[in-house]
Amino acid sequence: MKFTKMHGCGNDYVYFDCTECEIADEAAAAIALSDRHFGIGGDGIIIIKRGKQADFEMVMYNADGSRGAMCGNGIRCVAKYVYDNGLTDKTSVAIESMGAVKYIDLTVQNGKAVSARVDMGRPILTAAAIPVITDGERAVKLPITVDGTEYRMTCVSMGNPHAVVFLDKSPKDFPLETVGPQFENHTAFPDRTNTEFIRVLDRKNLEMRVWERGSGETLACGTGACASAVAAILNGYTDNEVTVHLLGGDLQISWSGNADDSVFMTGPATTVFTGEIPLAMKQ
């Protein structure tokens with residue numbers, strides 16, 4: 001089976017073109033292939049299929065084999081893959097993931113897609129729909145105690161749940177490896193959560209580290225960057241256009257502040273290498 005290793009700001013996945021075939025056990029393949037010592041290595045795998053509601057479907061699995069609903073960095077890479085490999089000649093592509101359709105506009109240079117702008121849809125701010133357990137309708141500056149320390153979090157769903165925590169110091173100095181898993185599995189989150197630890201640099205810039213459910217720390221998270229920008233705007237910390245500085249690179253996020261309007265994300269998509277690996281396929 002041919003594969004392509006790609007990343008968006010260091011958030012790396014192993015991509016498979018399954019428009020004409022099907023992997024026998026997708027979850028097991030994700031666990032095995034994501035291993036950075038004994039597999040190809042990545043934050044998970046992404047399988048590209050023909051879409052039912054869109055041009056293509058993105059089927060995403062985290063490194064632990066759990067299914068992911070949405071990945072902002074991954075969907076940019078899917079759009080790049082289908083264009084670069086001749087599966088479409090369109091520079092505006094519709095891609096679905098677990099029923100949600102996103103619209104991507106590609107920037108092409110010398111015949112290859114180099115970056116993409118994604119309409120990530122409206123942020124989900126209702127606590128029950130994120131989901132996060134609280135008495136209020138929204139979770140803005142909601143107190144939560146983790147490992148004996150009280151934090152204030154703002155929760156947003158971008159198709160997957162996020163808890164955004166603002167820090168008064170650089171997240172690079174934060175004990176993410178200890179605190180991240182405790183947020184992910186906290187009883188306040190029925191479906192677990194992704195957690196972003198943010199420092200506001202100024203009205204137009206955020207610094208971010210992320211702990212992703214099912215994958216641990218990653219170098220970038222597109223939906224997390226969107227959720228962080230939304231949270232910063234809701235709290236009045238930033239303007240409506242923000243650059244989010246992640247360990248793997250920068251993403252540009254814009255949102256009007258109106259809950260009925262889409263969040264837009266712009267960032268790079270990069271092919272690292274291609275190869276072949278033995279993989280059981282459905283007959």
Donor-acceptor contact present, side-chain Gln182 to main-chain Val146, <3.5 Å: no
Verdict with reasoning, Arg50 to Glu57, per salt bridge (charged side-chain N to carboxylate O under 4.0 Å, His left out): CA-CA 6 Å; Arg50 298 288 180 188; Glu57 180 183 9; over 6 Å; no
Please output the side-chain donor-acceptor pairs of residues 165-175 that fall under 3.5 Å, not counting sequence neighbours, one pair per line with the distance.
{"from": "Ser170", "atom 1": "OG", "to": "Lys172", "atom 2": "N", "distance (Å)": "3.1"}
{"from": "Ser170", "atom 1": "OG", "to": "Glu207", "atom 2": "OE1", "distance (Å)": "3.4"}
{"from": "Ser170", "atom 1": "OG", "to": "Glu207", "atom 2": "OE2", "distance (Å)": "2.9"}

N-O pairing of Asp239 and Lys204 below 4.0 Å: yes
Ionic contact status for Lys102 with Asp119, cut-off 4.0 Å: no
Exam field: side chain Ser228 to backbone Gly224, donor-acceptor pair closer than 3.5 Å: yes
Hydrophobic cluster membership, Val78 vs Val14, 4.5 Å side-chain cutoff: no
Flag, side chain of Asn160 to backbone of Met70, donor-acceptor distance under 3.5 Å: yes
Ion pair Arg192/Glu184, N-O distance below 4.0 Å: yes
Donor-acceptor pair, side chain of Trp255 and main chain of Glu241, under 3.5 angstrom: no
Ion pair check, Asp105 and Arg76, cut-off under 4.0 Å: no
Heavy-atom neighbours of Gln109 CD exceed 12 at 6.0 Å: no
Heavy-atom neighbours of Arg122 CZ exceed 12 at 6.0 Å: no
Phe183/Phe197 aromatic ring centres below 6.0 Å: yes
Minimum heavy-atom distance between Gly159 and Ala69, given as atom pair plus value: O-CB, 3.3 Å
Derivation and outcome, salt bridge (charged side-chain N to carboxylate O under 4.0 Å, His left out), residues Glu20 and Lys49: CA-CA 8 Å; Glu20 304 294 341; Lys49 300 182 179 182; over 6 Å; no
Thr271 side chain vs Phe273 backbone, donor-acceptor pair below 3.5 Å: no
CD/Glu177: more than 12 non-hydrogen atoms of other groups inside 6.0 Å: yes
